[in-house]
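The figures that follow rest on heavy atoms only: side chains count, while hydrogens, waters and symmetry mates do not.
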Amino acid sequence: MNNDRSPIAAGNAWTRFWFTPTPITGMTALRIASGLLFLVWLLSFVGHQNELFSLNGWFDESAYRQVRGQERDNERAIRENKAPQPSLGPALPLWSALFPVGKSETAFQVFYWGSVVVLVLFTLGIGTRITSVLTWVIVVSLVTNPAISYEGDYLLGLLAFYLMIGHLLTGIWNGNGHLLGYIFGPCDQMAFARPKDPPRLSYSANFMMRLIQIHFTILIMISALHKLQVSDWWSGVALWYPLHPPFQVTADSLRAEAASAQVTLFWVSLATYGVLAWQLAFPLFAWRQGTVWRTILLGGAAVGWIGSIFVYKLPLFGPVYCIAALSFLSAEEWAGIAKWMQGKIGGAALKVRPASPTPAVATAGKK
């Protein structure tokens with residue numbers, strides 16, 4: 001007798017969850033979205049890249065040596081059961097692609113603009129088996145720089161790491177019959193490549209999406225559980241504080257809001273509890289298909305994008321949340337999106353292309 005609740009059935013479901021081959025449509029869409037995010041993030045430093053990233057910048061080589069020396073002293077003090085010294089700065093990375101560049105300004109500029117070129121190639125899907133690895137090295141090397149370290153930056157490394165895994169493994173057993181295909185990756189991963197019919201299935205594409213899903217779910221749940229340890233979230237006023245920064249709020253501005261204090265606190269409380277509800281219930285609806293569940297998933301991520309910008313002034317959280325939320329879409333949903341986009345692009349092309357004259361008009365013209 002077949003029993004869907006048997007251990008064998010549960011094992012089969014677990015295997016299907018991780019190792020079902022899926023089209024590469026979703027992985028390609030996530031790569032393009034993530035690549036554009038990496039580019040926007042990196043290009044936002046143009047004009048000040050030397051001051052922010054190089055060993056001649058604000059956090060120069062001497063600062064690295066000083067903080068590294070203090071880290072060693074603190075580790076020794078902890079081993080000897082002594083109190084460590086207050087930290088001089090954030091924890092330094094063990095390695096970075098910037099370290100070999102040294103203090104040469106020319107070498108640094110080559111590294112920076114070469115990184116931009118690599119990110120463009122990765123976004124376009126050119127040589128993904130190589131550019132995906134280089135993209136991860138670039139992102140990790142730059143986000144760990146103390147001069148620009150900011151909340152949410154490390155989420156870029158999360159996306160880059162899992163995209164690297166997916167593109168390293170995709171097509172490794174099928175290089176399109178050419179040596180270059182095995183080295184650089186399949187050509188059908190390019191952003192403007194004609195999709196195959198039927199689409200090529202990939203085990204690693206599904207595996208990569210599952211890794212992002214699980215990691216993102218853990219992050220959401222940890223964030224929710226952390227909020228539950230703060231009384232301001234229980235009382236519903238947690239969002240009031242970032243909306244009223246201490247160095248910007250004055251006595252006059254507070255008096256001006258006094259008349260509408262009840263209405264303001266109502267909406268602040270509603271938004272606070274809405275954030276908590278979305279995060280706590282995330283595992284319950286993230287994998288469920290259907291218009292309602294997808295609206296909650298993607299709509300919540302979009303609202304979080306807007307809120308993270310206007311409330312917390314954190315521009316990276318929102319895009320990463322939206323990209324990670326897109327990873328939960330199934331192969332059928334990605335196929336529907338691809339078909340819809342092809343219809344829109346095809347319709348736009350037909351509108352631009354001049355219409356050929358009908359046979360009756362052509363005959364009339366000859367007469």
Side-chain angles (χ1 to χ4, degrees), residues 30-68 87-128 130-161 163-164 191 242 245 247-248 304-323:
L30 260 64
R31 187 199 69 239
I32 294 174
S34 300
L36 291 174
L37 178 60
F38 298 155
L39 279 169
V40 171
W41 171 77
L42 185 57
L43 291 175
S44 66
F45 301 108
V46 170
H48 302 282
Q49 65 268 27
N50 191 52
E51 295 89 339
L52 293 172
F53 293 110
S54 76
L55 295 181
N56 292 320
W58 295 336
F59 201 92
D60 57 9
E61 187 176 2
S62 62
Y64 272 101
R65 290 178 178 176
Q66 187 176 2
V67 175
R68 189 75 75 191
S87 177
L88 294 174
L92 297 183
L94 297 177
W95 64 269
S96 172
L98 289 170
F99 293 165
V101 175
K103 292 186 175 183
S104 172
E105 183 174 351
T106 302
F108 170 76
Q109 294 297 335
V110 171
F111 172 85
Y112 182 83
W113 292 108
S115 299
V116 173
V117 173
V118 169
L119 293 181
V120 170
L121 295 176
F122 175 68
T123 304
L124 295 177
I126 300 174
T128 52
I130 295 177
T131 55
S132 63
V133 178
L134 295 177
T135 296
W136 175 73
V137 171
I138 291 167
V139 171
V140 172
S141 298
L142 296 180
V143 298
T144 54
N145 188 289
I148 58 101
S149 182
Y150 201 60
E151 292 184 56
D153 289 359
Y154 292 97
L155 295 177
L156 298 178
L158 182 151
L159 290 177
F161 178 74
L163 286 169
M164 176 186 67
F247 293 106
Q248 299 179 13
W305 185 348
I306 298 172
S308 64
I309 293 176
F310 291 99
V311 178
Y312 288 102
K313 307 299 187 293
L314 297 174
L316 287 180
F317 270 107
V320 173
Y321 269 45
C322 288
I323 293 172

Colleague: Using only atom types and a distance under 3.5 Å, with no angle test, would you say the side chain of Ser141 pairs donor to acceptor with the backbone of Ser96?
Modeller: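 Side chain of Ser141 to backbone of Ser96: no pair is present.
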
Colleague: Got a sec: does the CZ of Phe99 have more than 12 other heavy atoms crowding it under 6.0 Å?
Modeller: yes

Colleague: Donor-acceptor pair, distance only, cut-off 3.5 Å: does the side chain of Thr131 make one with the backbone of Ile126?
Modeller: yes

Colleague: Any side-chain heavy atom of Val320 within less than 4.5 Å of one from Leu37?
Modeller: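 Yes, at least one pair of side-chain atoms sits under 4.5 Å.
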
Colleague: Taking the side chain as every heavy atom from C-beta outward, state whether Trp41 and Asp153 have any atom pair closer than 4.5 Å.
Modeller: yes

Colleague: For the side chain to side chain contact (heavy atoms under 4.5 Å, CB included) test, which of Thr135, Val133, Val137 pairs with Val118?
Modeller: Thr135

Colleague: Tell me, with the steps shown, if Gln49 and Leu42 meet side chain to side chain contact (heavy atoms under 4.5 Å, CB included).
Modeller: CA-CA 9 Å; Gln49 65 268 27; Leu42 185 57; over 6 Å; no

Colleague: Report yes if some heavy atom in the side chain of Leu159 is under 4.5 Å from a heavy atom in the side chain of Phe38; otherwise report no.
Modeller: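 Of all side-chain heavy-atom pairs linking Phe38 with Leu159, at least one is under 4.5 Å.
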
Colleague: In the structure I gave you, are the side-chain heavy atoms of Leu98 and Phe108 within less than 4.5 Å of one another anywhere?
Modeller: yes

Colleague: In this structure, which one of Ile138, Val140, Asn145 forms a side chain to side chain contact (heavy atoms under 4.5 Å, CB included) with Leu142?
Modeller: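 The option that passes is Ile138.
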
Colleague: Taking atom CD as the centre, does Glu105 end up with more than 12 heavy-atom neighbours from other residues, nucleotides or ligands that are less than 6.0 angstrom away?
Modeller: no

Colleague: Is the shortest heavy-atom distance from the side chain of Asn50 to the side chain of Gln109 under 4.5 Å?
Modeller: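 Heavy-atom side-chain distance check passes, below 4.5 Å.
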
Colleague: State, to 0.1 Å, how close Pro242 and Tyr312 come at their nearest heavy-atom pair, and which atoms those are.
Modeller: CG-CE2, 3.9 Å

Colleague: Side chain to side chain contact (heavy atoms under 4.5 Å, CB included) for Tyr154 and Val139? Distances and angles first, verdict last.
Modeller: CA-CA 9 Å; Tyr154 292 97; Val139 171; over 6 Å; no

Colleague: How close do Ile323 and Ser34 get, heavy atom to heavy atom, and via which atoms?
Modeller: CG2-OG, 3.6 Å

Colleague: Do the ring centers of Phe45 and Phe53 come within less than 6.0 Å of each other?
Modeller: yes

Colleague: Can Leu55 and Val101 be said to form a side chain to side chain contact (heavy atoms under 4.5 Å, CB included), step by step?
Modeller: CA-CA 8 Å; Leu55 295 181; Val101 175; over 6 Å; no

Colleague: Report yes or no: does Thr128 contribute a side-chain atom to a donor-acceptor pair with the main-chain N or O of Gly125 at less than 3.5 Å?
Modeller: no

Colleague: Run the side chain to side chain contact (heavy atoms under 4.5 Å, CB included) test on Leu163 and Phe122 for me, step by step, so that the C-alpha distance in whole Å, both residues' side-chain angles and the decisive distance to 0.1 Å come before the verdict.
Modeller: CA-CA 10 Å; Leu163 286 169; Phe122 175 68; 4.1 Å; yes

